[in-house]
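None of the values given here were measured: they were computed from a predicted structure.
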Amino acid sequence: MTTPRGPNPTSGTPGPLDVDVRPLLRAGDDPFQAIMEATSELAAGQSLRLIAPFRPVPLLSVMANRGFAASESALGDGDWEVLFSPVAAEPEEGLALGSSPAAIFWGEPAMELDLSNLDPPEPMVRILEALEELRPGEVLFALLAREPVFLFRELAKRQHEWAGNFDSAGIVYRLLVRHGGGARGHG
Amino acid sequence: MPMPSLSRWTMSYFAAALGCLLAAEGLAMLGIGYPAAGMSEPATLMLVHLVAIGWLSLAMAGALLQFVPVLAARPLASPYLALPTLMSLVAGLLLLCAGFATLAGWADVPLGLLPLGGLSLLGGLLLLVVMLCRTLAGLRRLDPFAGIIRGGLACLALTALGGAAFSTILSGRGGALGAFGTLLPGGLPFHALLGFGGWLGLIAFGVSYRLFAMFMIAPEPSGGRMNLLVTAAGMGLVLAAAGLGAPTVGLDGGSGLVATVSLLLALATGFYGRDMLTLYRSRRRKALEVNMLASLPAFAALGFGIGALPIALIAGAGEGFVAAASFLLVFGWLGGLTLAQLTKIVPFLTWLEAYAPRIGKGPAPRVGELLAARRPLVWFALYYGGTVLGSGALACGATLGFRLAMTLALAGTAGIAAEFVRVRRLSQVKAADRPPPHERPRLLLARADERSLSHDDPPRTQPHIRHARSPRC
């Protein structure tokens, strides 16, 4: 069902990975897992070309959350082709290591914390405690005095997503954390 | 995604370092080394290297392996070298001490062990330089902190190269070194200046800017303020490097150059002192914790020591005064500052190991609660009391007084070391708030599960997608 294409001769980036879900749907299977598996196999910068017998509207927001922009075209007979291209394969300059490229698509923060007057590890404690209060998908915004490097490790373990950077003056660190929905009760 | 994590071997470095300090203080208490022996006699050299390499360099290396990645927001490069580095340094130090013991006539081991020790130390220190420089190489912009660390590591490399040559000369094989066989005795004071002033001193300066701003919640001084310090110290240390190499071309740096280098280092210290004062005054955390309180005598020792050293050198004061000022700098400033900061670093790393995974899942103590509140201050009073008395005894040439002073310092150090053991064992924490036994920190090394996350990708699964609806809906 998935067909890798040869590398793009001009850029060296692999060509789009083709995923045709029409046979799966004809067989009565749910293609979602197959699409997600194909997405996780993409090389850095590689796009995914999806062919479906309808316009896959809900998938557009799922892929947007994973950092893909969509360009779609009707193929006729009700079939659609959607090309999902990675918005940013690498975090932007200045964004913290591990920052999610999808952060620009996150909603308004459900909670804002000013932790700039606390010394490590207190900001980490407050953020992890606050995340326990939030629901999956909700976003927390925090101001800190420095990059919370030890927090990132703990966020990754608990499967939350984050994006952070310093303000232009380099004084205040701004951090967005999106509740990943998993990993409650173990660490 | 790679990210900094707990350094696995840092506690082992700290433990080995404290062991060396206790050993050196114990030997001094027994009357071994200066002032009972001459300044450059083997017994003194053994003590000096136990302190410089065993105590200060191992503690500094352990701290850098943890904090350079944190301050550079990069994972440590080649972390698998941390243990070979420690083993190489400890083995090198033991061989070196065995060689000095033979030269002093206490033991009868082949003198060939002396250069072997020098080589083992050189190898270990170069491994350390490789790990730290590769970690800093990931930094995109030119950072004054990274510059100071690189400068300090360059001084370390020169000190270690000089030391390896010295050990070869002392073993009677100097002829094999060609022009480098002439490095002793002219290069010796510059070897000490590069080691204590460049590697240990300069890096202590650089790390203070970052860590103290963090500990006291003060605005970090701008890079511009550090430039004056870097310029003065840089000039001094380049001259020291020239002084170390001068004998190879038939020149002798001499006491004038030693005094000039120490004057430039004193000037750099002036800039550092000004910035540290600004940091203390602009701090937002008003109550000082044990680590910052116990650092205050270290700053005082730095001021007195670095002020007195060039004066003693220029005025041609006796050996005792130079020894007293140097002792104040090494034990009061570098040693005191290291012990003081360990009272923050050890509980902080222990807390991260034991409690970070538990936040939000139950009660967790604060970092400060891992360390006893008042008792460490008593130990520091003993340590600093012994250091001040010891410095006075050296200035007066009072051998017995120095031994008594070192007894006080030894008692203080032992007390502080015992507090660290209590921190690692979570002895101060209520029994109900301790993690289950299999999750508690081990005394000498951080748990391996911390390491795996730092060098592998985080889970690729993004759980919110699992709950998303099928595209068919």
Are the side chains of [Y] and [X] in contact, using a 4.5 Å heavy-atom criterion?
X         : Y         : answer
Ile217(B) : Glu122(A) : no
Met124(A) : Leu352(B) : yes
Val70(B)  : Phe150(A) : yes

Which pair of heavy atoms, one from [X] and one from [Y], lies closest together, and at what distance?
X         : Y         : answer
Arg158(A) : Ile359(B) : NH1-O, 2.9 Å
Leu128(A) : Ala356(B) : CD1-O, 4.2 Å
Lys157(A) : Pro357(B) : NZ-CG, 4.1 Å
Arg284(B) : Ser116(A) : NH1-O, 3.5 Å

query = Is any side-chain N of the basic residue among Asp119(A) and Arg283(B) closer than 4.0 Å to the acidic one's carboxylate O?
reply =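 Judged by the 4.0 Å cut-off on N to carboxylate O distance, Asp119(A) and Arg283(B) do not form a salt bridge.
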More than 12 non-hydrogen atoms from neighbouring residues, nucleotides or ligands closer than 6.0 Å to [atom1] on [X], yes or no?
X         : atom1 : value
Lys430(B) : NZ    : no
Arg366(B) : CZ    : no
Arg225(B) : CZ    : yes

request  = Using non-hydrogen atoms and a 4.5 Å limit, figure out which bit of Phe348(B) sits close to chain A: side chain, backbone, both or neither.
outcome  =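 Interface part for Phe348(B): side chain.
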inquiry  = Need one label for Glu439(B): side chain, backbone, both or neither, based on atoms under 4.5 Å from any heavy atom in chain A.
reply    =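 For Glu439(B), no heavy atom lies under 4.5 Å from chain A.
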task = Let me know if Leu118(A) has heavy atoms under 4.5 Å from chain B in its side chain, its backbone, both or neither.
result =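 Backbone of Leu118(A) only, per the 4.5 Å heavy-atom cut-off to chain B.
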